[in-house]
S.K.: 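I am attaching a structure below and will ask some questions about it afterwards.
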Amino acid sequence: MLMTKEQYIESLRKMKTRVYMFGEQVENWVDHPIIRPSIDCVGMTYELASDPEYADLMTTKSSLTGETINRFTHLHQSSEDLIKKVKMLRLLGQKTASCFQRCVGMDAFNAVFSTTYEMDKKHGTKYHENFKNFLKMVQENDYVVDGAMTDPKGDRGLAPSAQRDADLFMHIVERREDGIVVRGAKAHQTGTINSHWHIIMPTQAMREADADYAVSFATPTDAEGIYMIYGRQSCDTRKMEEGADVDLGNAKFGGQEALVVFDDVFIPNEYVFMAGEYDFANMMVERFAGYHRQSYGGCKVGVGDVLIGAAALAAEYNGAQKASHIKDKLIEMIHLNETLYCCGIACSAEGQKTEAGNYQIDLLLANVCKQNVTRFPYDITRLAEDIAGGLMVTMPAESDFNSGLKVGKNGETVGEICNKYFAAAPSCTTEERMRILRFIENMCLGSSAVGYRTESLHGAGSPQAQRIMIARQGNLEGKKALAKNIAGIK
Ligand code: SF4
Ligand code: FE
């Protein structure tokens, strides 16, 4: 059964998820002003799925049950499915201008599904069956599942088992007849608090000595022993200000990251998808990362669309829209943004069927996609800031614009003075101009910049991670052979 946005939010209230922020436990995290926009953002994955206009992109038939499901819980059955995924993420980016978080779970489903199949074939384990049963339950209940890969990693020069503190990588601390006990943490975890379940995956390739660190499983978010420490975002406490609106830039939506701690959590056997098969850690990592690098060719493009629109509006409100350099900058932004989209579509169109039957993106093209995402959004934000002008970071507060305090010699208020001196083209009110500038500030430097700017660099793997994959997948030997052949070299 598909859930509505309201049912999703109500379902979160029933959970006992432990959340800490600013050194205190947050009891009612569903209604907390800093957290709520990120919940509403995930809520859009439900709202759009119940809108007939978007049914084709947002919903599909389950390959496991034949029932109608949200595409965020789907195993991709074709390259067309992969393309629709990218289009769905672009749509969500356009509707929220931030990170809507639910994609990490979808990417984990597809990576764990195909990896467990191949693992079982080699090791005679039963992980694939476990995973299919789990996913059926997720699809039937339309749950949000968080896909968690990134461990804190400690000293980057040491293997998991060689760390001074063994907990810096997630690991098995006890093997029981009925399951395993795990300890460790996942860092900068997107969408962790507002997910019903989590899928945990290893963070990197593992050797035999690291077998206890080669672990994958599913767990309810509020299982005993799990808690989260909320990540700060720039300008986050603006959300705590009384009546905050214009100053937030994006008052409706936002992203969310946290440190998730697993303090000896018991995982029953039926939810275990890897427990020591270190030779498959790398496959799971590469596939998940590949899917998530494809995702960025959708979500970041959608957010980019909104930012380009905002920059064009700022130009109009400044009365500068006819200047040829402004037109050219907007063209440049569109060119960069659509180049990202091309990569997202291309790695999907070149998708291949896995042994397990679902479709996987072309790994080389997905890594090229994400490598471009580590650069182009920086150029796009630079151009947006260029067009917007410095006022986006020097403007007085919303409360000044609304202030009735008399300051002028003729009794003008602070608000009247602000409105007088920040008025620009007659096509907008001063408040509309403020709104669009604060919105650009939010996407370039404020809380949504986590999702658009810095996440473009580090999310789904920092630039070097893609370069390693590009080196591995780039077939340099094949290219040398091409050159030798035509140049007449034996
Ligand atoms: Fe989804 Fe993009 Fe956020 Fe990743 S960064 S969870 S792909 S919206
Ligand atoms: Fe991300």
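Quick note: residue numbers are just sequence positions, from 1. Worth knowing before you read on, the calculation uses all heavy atoms, side chains too, and leaves out hydrogens, waters and symmetry mates. Order of appearance sets the numbers: ligands from 1, and atoms from 1 within every ligand.
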S.K.: Give the protein residues with at least one non-hydrogen atom closer than 4.0 Å to an atom of ligand 1, ordered by chain and number.
M.R.: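 Residues near ligand 1: Cys99, Phe100, Gln101, Cys103, His292, Ser295, Tyr296, Cys299, Lys300, Glu455.
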S.K.: Compute whether any side-chain donor of one residue and acceptor of the other, for Thr17 and Asp222, lie under 3.5 angstrom apart.
M.R.: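 No, because no side-chain N or O of Thr17 sits under 3.5 Å from a partner of the opposite role on Asp222.
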S.K.: Could you verify whether a donor N or O on one side chain and an acceptor N or O on the other, from Glu277 and Tyr127, lie under 3.5 Å apart?
M.R.: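 Result is yes, a qualifying pair exists.
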S.K.: Which residues satisfy the side-chain hydrogen bond (donor to acceptor under 3.5 Å, both in side chains) test with Lys95, sequence neighbours excluded?
M.R.: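 side-chain hydrogen bond (donor to acceptor under 3.5 Å, both in side chains) list for Lys95, sorted by chain: Tyr54.
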S.K.: Could you work out, with side-chain hydrogen bond (donor to acceptor under 3.5 Å, both in side chains) as the rule, every residue matching Lys85, not counting sequence neighbours?
M.R.: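 Asp107, Gln294, Ser295.
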S.K.: Not counting sequence neighbours, which residues clear side-chain hydrogen bond (donor to acceptor under 3.5 Å, both in side chains) with Glu441? List them please.
M.R.: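 Per chain and number, Glu441 pairs via side-chain hydrogen bond (donor to acceptor under 3.5 Å, both in side chains) with Arg238, Arg438.
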S.K.: Does any donor atom in the side chain of Gln101 or Thr190 lie under 3.5 Å from an acceptor atom in the other side chain?
M.R.: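 No.
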